[in-house]
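Report on one structure; see the data block that follows.
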Amino acid sequence: MFDGNIWGDIIGILFYMLFQFSGIWMINRILAKEQFSIAFRCLIGSVAGTLAFQWFPILFAFALGFGIAAHLLGMCLQILVCLVVWRRTQRSEISWSSNPYRKGAQWLRLLKENPCIVLMLVTLLFFIYCLFTHTIPFHSDGSMHTGQATYGDMNMHLGFITSIANQKSFPPDYSIFPGTKLAYPFLCDSVSSGLYIWGASLQIAYIFPMLIAVCQAMGGFYCFIKYWFQRSSTAFIAWVMFFLDGGLGFIYFTDMESIARNFNDFYYTPTSLGDMNLRVPQIIANMLLPQRATLFGWAVLFPLLALLLYAIRKKSRKCFIIAGIFAGALPMIHTHSFLALGLVCTMWLLYDCKELFSRGDGKKGKRNFALLAALPVGLVFFSVLQKINEDEDIISQNGMLILGVGAGLLILYILYYLIRVLSGEARKKLLTTWGIFLGIILVLAIPQLFGWTFRQVGEAGFVRGFFNWSNTGDQYIWFYLKNFGLTFALFLPGYIFAKKKNMQVASPLFLIWFVAELVVFQPNEYDNNKLLFIGFAFMCGLAADFVVDIYEKKWTKLLKVPVAVVLVFFGTVSAILTLGREWVSDYELYSDIRVEACRYIEKNTKPDAVILTASNHNNEVAALTGRNIVCGAGTFLYYHGVDYADRENELPLMYGDPVTYKELYKTYGVDYVYVSDTERATYEVNEEGLAEIGICVYSLGDVRIYKVK
């Protein structure tokens with residue numbers, strides 16, 4: 001029941017936290033001898049716990065269904081893994097009795113050395129507030145409300161959560177298009193289904209895993225940048241640039257009227273002005289809050305990048321193994337994060353091979369001028385392509401070809417160094433690090449890719465050429481300067497003056513950009529931002545390190561405070577306006593009468609019942625009850641590659657003349673017909689005809705429910 005109860009909330013949360021604490025215990029024991037802080041071990045352990053909660057019950061759900069039995073067996077498997085770790089590892093050198101942070105003075109030192117922690121806590125409080133006020137809270141009249149960012153996609157995610165938990169069939173189908181296998185990376189939602197089956201309210205089941213995930217994503221990003229540059233100051237500034245991104249959109253909000261519209265109009269903020277070609281969304285408000293797959297993907301990806309970078313530098317086999325397991329679990333959590341990780345690993349493998357090769361030859365590595373030239377050459381290259389593409393869209397039409405040529409040259413370059421390394425003394429080192437890492441990924445990821453991802457991509461024709469992402473007319477460089485603002489401006493000199501080793505770590509930025517600007521991987525080209533944002537993370541690191549370098553110069557001593565004020569204002573004002581809009585936004589999602597009707601449906605219909613409804617995106621029946629509906633919103637189905645047009649065109653026939661089209665009811669196995677003012681406004685509803693083929697079993701306000709005879 002979507003209302004849940006307090007005991008269900010407690011049991012669900014405790015069950016989830018059991019995986020969290022056991023994951024933290026295991027990682028602390030496995031990585032006890034690695035040079036990690038306690039905080040980073042706990043972060044990696046928390047991610048391991050979440051992955052176990054997402055994956056272990058599924059291993060049993062294929063046979064037993066997605067229910068309590070599968071989850072109990074998943075818990076038993078987690079306990080078994082803990083026992084194996086306990087037997088095969090030495091006593092952990094980390095103990096809470098020797099933990100330096102038992103004393104208050106050490107906590108103060110920790111905060112002083114990492115001031116970003118305070119900002120993370122403030123951001124977390126904002127996130128908590130928005131989640132609890134935007135995730136179907138009950139208003140005094142019994143209706144359910146939401147905010148601006150969650151008004152759209154949240155309905156789809158709620159439907160996935162409730163249908164997986166209530167119907168319990170596995171692998172799951174689309175409840176908004178029954179008969180079609182759910183190919184969307186659904187583990188970001190099944191993690192909430194795992195709480196919902198214990199009787200937790202839908203709101204708590206939806207929110208609680210997201211709170212853990214946002215801590216993992218924010219902490220993982222900070223740890224990645226800090227380990228990359230070995231400076232807390234760089235990590236702090238980069239964190240602000242990334243999570244408080246916003247660009248130069250604030251220049252259009254200089255009068256009281258535009259500011260008032262920012263806080264009142266639907267999607268009229270400095271980061272979402274399509275008419276002004278402001279296309280880059282604000283990460284917290286427009287990515288992490290509404291897009292669960294992105295949130296849970298980044299919750300794994302950013303800690304994984306920090307762990308993998310450590311593994312490469314220290315040649316730690318244990319870290320490569322853990323990183324491989326994390327990476328192999330990603331495809332059905334967030335496919336874009338898995339793809340981005342693949343691009344990152346391609347470049348990091350290349351430079352690791354070059355380093356191993358230079359050591360084997362006894363030659364000292366030279367400064368890579370090709371990498372230094374990549375930035376100006378890339379900007380000129382894409383600017384020229386934009387001019388060529390203006391008239392006949394020729395670059396978009398040949399995007400796959402251009403990408404293929406570039407990828408082919410890169411592969412040949414990598415193969416050259418791979419062969420040289422594998423034929424030398426460094427062969428064993430490469431095979432026992434990268435070889436193990438890639439082998440684990442292949443074993444874990446291939447079943448997911450062939451079972452779900454490739455089938456969806458192949459049938460829907462997702463992958464196609466498309467140039468310049470979402471730029472609708474601006475000059476190439478100006479478009480990104482306007483959308484990424486101060487960060488982009490600081491990145492340009494930051495890259496030029498970066499140290500060689502930092503350039504090499506940032507090299508995936510260019511491969512990600514090259515791929516994302518020429519090819520899209522889903523019907524909605526705008527979703528390529530999920531790739532571009534990983535490139536943006538590298539951009540933030542270099543830009544932040546440049547700022548720190550400038551601040552360390554003696555001549556900036558008197559200018560530090562005024563320059564900091566200017567940087568903070570121009571770097572964050574667009575984000576603050578957007579977040580402010582999200583804070584105050586409030587929209588009714590489901591009326592009190594429709595919520596009450598959903599309670600009736602949950603109590604009086606089978607979990608796999610098929611109900612005829614309208615195809616509106618905020619469909620209360622699909623979202624709250626998890627029952628199947630004949631056809632859901634095209635805004636969801638189209639972007640998942642589902643061919644829904646014929647079925648959607650039959651809905652008016654089924655409502656308008658149910659007697660004549662009774663055969664369609666049999667075709668789709670319709671058990672009930674739902675009629676509200678939404679259906680009446682969308683179709684010419686013939687309720688007399690419905691009374692002929694069914695019996696009205698529920699009536700309240702504008703809602704009627706007919707049971708088909």
State whether Asp702 and Arg594 are salt-bridged, where the test is any N-O pair (Lys NZ or Arg NE/NH1/NH2 against Asp/Glu carboxylate O) under 4.0 Å.
yes

Please report whether the ring centroid of Tyr174 lies less than 6.0 Å from that of His640.
yes

Pair Glu692 + Lys709: basic N to acidic O under 4.0 Å
no

Distance alone, cut at 3.5 Å: any donor-acceptor contact between the side chains of Thr678 and Asn616?
no

If you compare all heavy atoms of Leu195 against all heavy atoms of Ile204, which two are closest, and at what distance to 0.1 Å?
CD2-O, 4.4 Å

According to the ring pair (Phe, Tyr, Trp, His ring centres under 6.0 Å) rule, which pairs have a member within residues 643-671, sequence neighbours left out?
Tyr655-Tyr683

CD1/Ile284 to CG/Leu579 distance, rounded to the nearest 0.5 angstrom?
5.5 Å

Heavy atoms of other groups near Asn649 CG, more than 12 under 6.0 Å
yes

Heavy-atom side-chain proximity of Asp245 to Gln282 below 4.5 angstrom:
yes

side-chain contact (heavy atoms from CB on, under 4.5 Å) with Phe533: which of Asn528, Ile283, Ile512, Thr294?
Ile283

Mutual orientation of the aromatic rings belonging to Trp583 and Tyr129 [parallel < 30°, tilted 30-60°, perpendicular > 60°]
parallel

What's the separation between atom CE in Met210 and atom CD1 in Ile128, rounded to the nearest 0.5 Å?
12.0 Å

On a heavy-atom basis, which atom in Ile534 and which in Ala340 lie closest, and how many Å separate them?
CG1-CB, 3.7 Å

Please determine, by modelled atom types, if Asn277 and Asn471 share a side-chain donor-acceptor pair under 3.5 angstrom.
yes

Would you indicate whether Tyr268, at its atom OH, is surrounded by more than 12 heavy atoms from other residues, nucleotides or ligands within a distance under 6.0 Å?
yes

CG/Leu444 to CG/Leu449 distance, rounded to the nearest 0.5 angstrom?
11.0 Å

Give a yes or no on whether the backbone of Ala205 and the side-chain of Ser192 come within a donor-acceptor separation of less than 3.5 Å.
yes

Check: Leu343 and Val515 side chains under 4.5 Å, non-hydrogen atoms:
yes

One pair to check against salt bridge (charged side-chain N to carboxylate O under 4.0 Å, His left out): Arg599 and Glu596. What are the steps and the verdict?
CA-CA 5 Å; Arg599 288 194 180 96; Glu596 193 59 40; 2.9 Å; yes

When you measure from the side chain of Arg581 to the backbone N and O of Ala285, does any donor-acceptor pair fall under 3.5 Å?
no

Closest heavy-atom contact between Ser574 and Gly246?
CB-O, 3.3 Å

Smallest separation among heavy atoms of Ile164 and Pro172, with atom names:
CG1-CB, 4.0 Å

If every non-hydrogen atom of Gln167 is compared with every non-hydrogen atom of Ser175, which pair is closest and at what distance?
NE2-CB, 4.1 Å

Going by heavy atoms in the side chains, are Cys188 and Leu295 under 4.5 Å from each other?
no

Is there a side-chain contact between Val621 and Asn619, using heavy atoms and a 4.5 Å cut-off?
yes

Ring-plane angle category for Phe53 and Tyr16, please: parallel below 30°, perpendicular beyond 60°, tilted otherwise.
perpendicular

Within-4.5 Å side-chain heavy-atom neighbours: His134 and Met154
no

Taken to the nearest 0.5 Å, the spacing of Lys482 NZ from Met276 CE works out to 8.5 Å

What pair of heavy atoms forms the shortest contact from Gly147 to Ser585, and how long is it?
CA-OG, 3.5 Å

Are Pro171 and Leu182 packed together at the side-chain level, in the sense that at least one heavy-atom pair is separated by less than 4.5 angstrom?
no

To the nearest 0.5 Å, what is the distance between CE (Met144) and CG (Leu624)?
5.0 Å

Any salt bridge (Lys or Arg N to Asp or Glu O under 4.0 Å) involving residues 187-199? Give me the pairs, sequence neighbours left out, ordered by first then second residue.
Asp189-Arg292

If the plane angle is over 60° it's perpendicular, under 30° parallel, otherwise tilted; pick one for His157 and Phe160.
perpendicular

Classify the side-chain pair Gln216/Thr50 by whether it contains a donor and acceptor separated by less than 3.5 Å.
yes

Could you tell me whether the side chain of Ser396 and the main chain of Phe467 form a donor-acceptor pair under 3.5 Å?
yes

Is there side-chain contact between Tyr638 and Pro523, with at least one heavy-atom pair below 4.5 Å?
yes

Pick from Trp198, Phe170, Phe66, Phe60: which one makes a ring pair (Phe, Tyr, Trp, His ring centres under 6.0 Å) with His71?
Phe66

So ring pair (Phe, Tyr, Trp, His ring centres under 6.0 Å) across residues 591-617, not counting sequence neighbours, yields Tyr151-His617, Tyr600-Tyr698

Would Met332 and Gln54 count as a side-chain contact (heavy atoms from CB on, under 4.5 Å) if you check the C-alpha gap in whole Å, the side-chain angles of each, and the deciding distance to 0.1 Å?
CA-CA 10 Å; Met332 287 311 294; Gln54 290 171 309; over 6 Å; no

Without swapping roles, check the side chain of Glu525 against the backbone of Asn468 for a donor-acceptor pair under 3.5 Å.
no

Supply the atom-to-atom distance Trp298 CH2 to Lys530 NZ, rounded to the nearest 0.5 angstrom.
9.5 Å

So, does Asn166 use its side chain to make a donor-acceptor pair with the main chain of Pro607 at under 3.5 Å?
no

Could you verify whether a donor N or O on one side chain and an acceptor N or O on the other, from His139 and Glu588, lie under 3.5 Å apart?
no

Can you confirm whether Asn529 sits close enough to Met287 that some side-chain heavy atom of one is under 4.5 Å from a side-chain heavy atom of the other?
yes

Check Arg647 with Glu650, please: is the shortest side-chain N to carboxylate O separation under 4.0 Å?
no

